[in-house]
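Heads up, the thing below is written out as structure tokens.
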Protein chains: 2
Amino acid sequence: MNLATSSTGPVRATMDDVARHSGVSLKSVSRVINGEPHVSATLRAKVEAAIAELKYVPDAAARSLAGSRTFIIGLLLDNPSPNYTMKVQKGVYDAVRAHQYHLRIDNVDSSVPDDEFSAQLEALVRNSRCDGFVLTPPLSDNLLLLDFLDQSGIRYVRIAPALEKSRGSGIVIDDAAAAAAMARHLWDLGHRRYAIMRGPTAHMAAARRRDGFIEELKRLGLEHPVIEIDAGFSFEGGIRAGDSLLASGLRPTAIFAGNDDSAAGVMAACSKAGLKVPDDISVCGFDDSWIARSVWPYLTTVYQPIEEMGHAAASLLLRRDEPESALHRLDFHLVVRDSTAPPPQA
Amino acid sequence: MNLATSSTGPVRATMDDVARHSGVSLKSVSRVINGEPHVSATLRAKVEAAIAELKYVPDAAARSLAGSRTFIIGLLLDNPSPNYTMKVQKGVYDAVRAHQYHLRIDNVDSSVPDDEFSAQLEALVRNSRCDGFVLTPPLSDNLLLLDFLDQSGIRYVRIAPALEKSRGSGIVIDDAAAAAAMARHLWDLGHRRYAIMRGPTAHMAAARRRDGFIEELKRLGLEHPVIEIDAGFSFEGGIRAGDSLLASGLRPTAIFAGNDDSAAGVMAACSKAGLKVPDDISVCGFDDSWIARSVWPYLTTVYQPIEEMGHAAASLLLRRDEPESALHRLDFHLVVRDSTAPPPQA
DNA sequence: TTGTAAGCGTTATCAC
DNA sequence: GTGATAACGCTTACAA
């Protein structure tokens, strides 16, 4: 009963079959498949007819063995936020499939010692090549990784790079400007006492957000210093940071968190402390990821087109005519929801 | 300046190099690589030394062209919850890498008409084979998909199947028993008026949870009927369902949601309505996914080992000696946190 | 236990 | 424009 199901399935046509069926040479079929020039319309039509009739599909393994392409794009992952990661992955996936490519996932752990990290990379790359990697933060700013890829001659595109932006290509938004926009939003509401929840130190884009936020406030005329606390990029980190902030007795009227996950944590800490968001205190995040609408009140945040960024990164990788290095800047915008409001009357 | 980086990188050793270097035949090297029997210890040692020295790694494309394996496992995804998906993916990834395999992602959309869905599958499978698929819910119960895979002779393992469990292999927990445990927890707290948030209809495991929950309550002697509302498996669905429940004037003292995402939505709806969780109303979920700790109060839920389930599924696929069909049951357990408490005094 | 030879299904080289 | 023919790096008969 299972003999049938354990077979290889229906026999697939090969390029040879197509060649015979259409009465042309193997090489001509290959030319048609790969859209090479110097093919007469007649020949092309014949071949395409045969391909359709035989339901021929090129074999990926044979192609990559003989040729120089693997038809695989690798997505390098090391991000703590499932929301962010899934969005990037979706964008990369769609772009890759649109080009008949496949998406391979490669997790790495960049928190280990350097030599161990290098060993991870070696193992990944050595045993199966791909036509390029999409790098997600914080890996986009991992110099060890960049060096490795450059030395190996492997193409890559970085999502949200903040360091050495001329290496490889990159897809970014203007993190500093986005944070500045958030600063203006809070300022306009009347806030004058701020706290900021910093992201992980390896995440350079997080640092840009912090800088952009504080600079803008200074320009607006802020007098009090901004309280700064490390919150990582996780809900847990946010709740811890929120707890310690509120326990300290310092009372900002607005808190800017480096991403939505930590913002949600801060909101939870406020609830615990008996503070109502946004009546008693305003909280805002960054990303407009899925969690921004998974909390109550809905989070005021910065929308960044994460899925599109993944899509753009992969598309760039798939265009072989792309210039060696280019930075593509996508648009962000403020999303004002319910977690920010004017400060309470003193 | 970029000439170097666009090259193929360092030259890789081939099996031929290893053979020459160790003074044995090509076939012997192949035997060692594949762990085939009938190899003397001396020969194996020689070959392994050469492999190490030359840093030889087999070429995946050549292997799959010549042999019958592709060294790729595909993960079929169509789940709305990023939390769930990332956990499964992590588990599958780790298992796959432990066997020197690679993980390929394949998103499908099962909400389209049947013929369109079939076309998606054809396109996916035709142009690059893999050694097997891990199916995640709700795809695990998609009969069209199962038929397609069976007909194509492609191996697969289903995560959390609820229908036709004898098809392929499956990794499950006892959803009904888990829901029953939750029912007892709420009953013991003193609740007597319940609402349940149902999952998507295609998600059969969700139906099992509903049945298990209600049956257990009946056995315990419940008098009032359980209010039932469809909430999908998303935060949005949960908040909508919660809104309409509370607007209806019906006042259960405890709400059981089919997964954590919808449970979080319900909690938000309660907050909006001015109800305090758990003082005024208890809410609980299912999965113990990451969002269970991303809400305040932390969610009482059922832990199911999602990552291990992914790991087990992939491992099963990678064991070629596995019996054709087997159901592997993993353990769940109740996680009592802060969102459930005794009902308010009448 | 070990080795030889013949593919696997493409792309690349070089004639025609 | 088109077509032989040789790689590509490995596995799988089949011998020895």
Side-chain angles (χ1 to χ4, degrees), chain A residues 8-48 50-51 54-72 100-101 126-129 131 320, chain B residues 8-48 50-51 54-72 100-101 126-129 131 320:
Chain A
T8 323
V11 189
R12 292 167 30 132
T14 99
M15 215 157 117
D16 226 46
D17 298 329
V18 177
R20 250 196 312 272
H21 199 84
S22 50
V24 303
S25 79
L26 207 61
K27 180 60 197 170
S28 292
V29 179
S30 176
R31 286 202 180 91
V32 172
I33 301 265
N34 293 299
E36 287 172 33
H38 311 307
V39 185
S40 73
T42 347
L43 193 151
R44 158 162 287 125
K46 269 195 296 189
V47 170
E48 281 170 346
I51 289 179
L54 268 43
K55 291 188 180 177
Y56 166 73
V57 183
D59 181 277
R63 290 234 275 187
S64 54
L65 177 56
S68 52
R69 298 184 288 173
T70 63
F71 300 93
I72 294 170
Q100 307 277 54
Y101 267 60
R126 284 239 161 222
N127 105 8
S128 161
R129 251 181 314 292
D131 292 349
R320 319 201 81 194
Chain B
T8 322
V11 189
R12 292 167 30 131
T14 100
M15 214 158 117
D16 227 47
D17 298 330
V18 177
R20 253 195 311 271
H21 199 84
S22 49
V24 303
S25 78
L26 205 63
K27 177 60 200 173
S28 292
V29 178
S30 175
R31 287 204 177 89
V32 171
I33 300 265
N34 293 300
E36 286 170 36
H38 312 306
V39 184
S40 72
T42 346
L43 192 151
R44 158 161 287 125
K46 268 195 296 190
V47 171
E48 281 171 345
I51 289 178
L54 267 42
K55 292 189 178 176
Y56 167 73
V57 183
D59 180 278
R63 289 234 277 186
S64 54
L65 178 55
S68 52
R69 298 183 289 172
T70 64
F71 301 93
I72 294 172
Q100 306 276 54
Y101 268 60
R126 283 241 161 222
N127 101 10
S128 162
R129 251 183 312 293
D131 293 349
R320 319 200 80 194

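Throughout, a chain's letter reflects where its sequence line sits, starting with A, and its residues are numbered from 1.
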Margin query: Quick one, A/Met15 with A/Arg20, criterion side-chain contact (heavy atoms from CB on, under 4.5 Å). Give me CA distance, side-chain angles, the key distance, then yes/no.
Written below: CA-CA 9 Å; A/Met15 215 157 117; A/Arg20 250 196 312 272; over 6 Å; no

Any side-chain N or O of A/Ser28 under 4.0 Å from OP1/OP2 of D/dG3? yes

Taken in chain and number order and not counting sequence neighbours, the residues that satisfy side-chain contact (heavy atoms from CB on, under 4.5 Å) with B/Ala13 are B/Asp17, B/Leu54, B/Tyr56

Closest non-hydrogen contact found for B/Glu48 with B/Val32 is CG-CG1, 4.0 Å

### Task
Before accepting this row, confirm whether a basic side-chain N of the pair B/Arg44/B/Glu36 lies closer than 4.0 Å to the acidic partner's carboxylate O.
no

Scanning both residues in full, the closest heavy-atom pair of A/Arg31 with A/His38 reads CD-O, 4.5 Å

Rounding to the nearest 10°, end axes of the helix from C/dT1-D/dA16 to C/dC16-D/dG1 built from five pairs each make an angle of 30°

Chain A reaches DNA chain C, atoms under 4.0 Å from its heavy atoms, from C/dG9 to C/dT13

Residue set satisfying side-chain hydrogen bond (donor to acceptor under 3.5 Å, both in side chains) with B/Ser22, at least two apart, ordered chain then number -> none

Give a yes or no answer on whether the side chain of B/Asp131 reaches the backbone of B/Arg69 with a donor-acceptor pair at less than 3.5 Å. no

Before giving the answer on side-chain contact (heavy atoms from CB on, under 4.5 Å), spell out for A/Ile33 and A/Val29 the whole-Å C-alpha distance, their side-chain angles and the decisive distance to 0.1 Å.
CA-CA 6 Å; A/Ile33 301 265; A/Val29 179; 4.1 Å; yes

note: A/Leu65, atom CG; D/dA6, atom P; distance rounded to Å ~ 17 Å

Heavy-atom contacts, protein to nucleotides 11-16 of chain D, under 4.0 Å, summarised as B (base), S (sugar-phosphate only) or - (none) per nt, yield BBB---

Applying side-chain hydrogen bond (donor to acceptor under 3.5 Å, both in side chains) to A/Ser64 and not counting sequence neighbours gives none

So A/Asp59 and A/Arg63, salt bridge (Lys or Arg N to Asp or Glu O under 4.0 Å) or not? Walk me through it.
-> CA-CA 6 Å; A/Asp59 181 277; A/Arg63 290 234 275 187; over 6 Å; no

Taking for A/Arg44 and for B/Asp16 the nucleotide of DNA chain D with the nearest heavy atom, the one nearer the 5' end belongs to A/Arg44

